[in-house]
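To keep things clear, I will list the structure first and then write my remarks on it.
Because the structure is predicted, anything quoted here is derived from the model rather than measured. In what follows, every heavy atom counts, from backbone to side chain, and hydrogens, waters and symmetry copies are set aside. Heads up: numbering here begins at 1 and tracks the sequence.
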Amino acid sequence: MKLSRTAFIVLLIVFNIAIDQISKFIVRAQVIPGSETDILGDYFTLHNVENTGAFLGMGSDFNPTLKLVLLLLLPIVVLGYVVYYIIKNKDLDRFSLIGFCCVIGGGIANVYDRVVYGSVTDFFHIDLGGVFRTGIFNVADMSVMFGMGLLLYGGFKNNKKQKTSN
């Protein structure tokens with residue numbers, strides 16, 4: 001049985017939302033807020049932090065109206081448009097389609113948190129001794145970053161394909 005393109009899109013988006021929400025449910029239930037637990041020494045740690053802003057806490061000090069517009073309404077409009085775009089655009093390559101689904105799923109998962117909890121639960125942190133260091137992030141953030149990577153890869157691959165056919 002072959003899955004329809006639309007069913008594939010919906011399942012991939014729902015999968016991204018589900019793994020994020022399950023991970024956040026576990027963290028909220030099992031990890032003490034504000035704590036830090038070593039997973040791989042100081043290099044990879046587990047936290048339970050509520051982020052009232054966007055990426056790396058940006059916007060957490062905005063007034064409530066600006067927060068509503070920039071962290072809730074604008075993302076909902078953009079995510080809605082991207083869903084429409086990927087369903088209508090049948091010419092997307094597999095990497096771009098999967099990439100968009102990961103970005104949409106991660107985005108919806110974080111928007112859901114903002115609506116239901118008023119903040120986004122973040123819990124992973126990587127610090128490779130100052131060589132590479134992240135902010136505290138979650139599975140939805142990983143989905144978005146993975147999706148962006150696939151979109152970049154798909155874009156480079158398509159650009160290379162177009163250059164060789166000219």
Side-chain angles (χ1 to χ4, degrees), residues 1-29 31 44 46-60 62 64-126 132 134-162:
M1 177 177 116
K2 186 174 179 185
L3 201 59
S4 77
R5 184 178 182 279
T6 303
F8 175 77
I9 290 169
V10 170
L11 281 174
L12 191 51
I13 291 170
V14 168
F15 174 76
N16 274 274
I17 295 168
I19 60 170
D20 174 71
Q21 290 301 305
I22 290 167
S23 67
K24 289 174 181 171
F25 175 81
I26 293 168
V27 167
R28 285 186 207 108
V31 180
F44 187 49
L46 180 68
H47 304 254
N48 180 350
V49 176
E50 292 302 320
N51 180 355
T52 59
F55 179 70
L56 298 177
M58 289 186 285
S60 56
F62 287 168
T65 305
L66 198 54
K67 265 189 186 179
L68 176 70
V69 171
L70 294 179
L71 300 180
L72 212 53
L73 298 179
L74 183 62
I76 289 170
V77 169
V78 170
L79 290 167
Y81 174 76
V82 176
V83 169
Y84 170 80
Y85 173 79
I86 67 172
I87 289 174
K88 290 293 183 191
N89 186 348
K90 308 285 191 222
D91 298 329
L92 283 174
D93 65 281
R94 192 101 151 137
F95 291 107
S96 296
L97 182 65
I98 294 170
F100 276 127
C101 289
C102 290
V103 169
I104 293 164
I108 290 172
N110 279 340
V111 165
Y112 174 84
D113 281 2
R114 285 191 190 98
V115 169
V116 173
Y117 302 105
S119 61
V120 175
T121 303
D122 289 332
F123 47 90
F124 286 136
H125 181 254
I126 299 170
F132 175 79
T134 67
I136 301 173
F137 59 95
N138 60 42
V139 174
D141 299 333
M142 292 189 306
S143 293
V144 169
M145 294 303 293
F146 180 71
M148 293 303 294
L150 287 176
L151 287 170
L152 286 171
Y153 178 75
F156 285 128
K157 189 174 177 192
N158 289 337
N159 194 18
K160 187 177 180 181
K161 191 186 299 181
Q162 286 177 351

Under 3.5 Å side-chain donor-acceptor pair for N110 and N138 =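 There is such a pair (donor and acceptor under 3.5 Å, judged by atom type) between the side chains of N110 and N138.
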In terms of side-chain heavy atoms, does D113 have a donor or acceptor partner in Y117 at a distance below 3.5 Å?
->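 No.
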L70 and P75: which non-hydrogen atoms are nearest, and at how many Å?
->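 Heavy-atom minimum between the residues: O-CD, 3.4 Å.
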Taking all heavy atoms of S23 and all of F123, pick out the closest pair and write down the distance.
->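 Smallest interatomic distance, heavy atoms only, reads OG-CZ, 3.4 Å.
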Can you tell me if [X] has over 12 outside heavy atoms packed within less than 6.0 Å of its [atom1]?
{"X": "K88", "atom1": "NZ", "answer": "no"}
{"X": "F25", "atom1": "CZ", "answer": "no"}
{"X": "M142", "atom1": "CE", "answer": "yes"}

Any sub-3.5 Å donor-acceptor pair from [X]'s side-chain atoms to [Y]'s backbone N or O?
{"X": "S96", "Y": "G154", "result": "no"}
{"X": "N51", "Y": "D122", "result": "no"}
{"X": "R114", "Y": "G53", "result": "yes"}

Only counting residues at least two apart or in another chain, list the ones meeting ring pair (Phe, Tyr, Trp, His ring centres under 6.0 Å) with F156.
-> none
For F44, enumerate each residue passing the ring pair (Phe, Tyr, Trp, His ring centres under 6.0 Å) test, keeping only those at least two apart in sequence or located in another chain.
->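 F44 satisfies ring pair (Phe, Tyr, Trp, His ring centres under 6.0 Å) with F124 once adjacent residues are dropped.
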The complete set of side-chain hydrogen bond (donor to acceptor under 3.5 Å, both in side chains) pairs with one or both residues in residues 146-159, sequence neighbours excluded, reads D93-N158
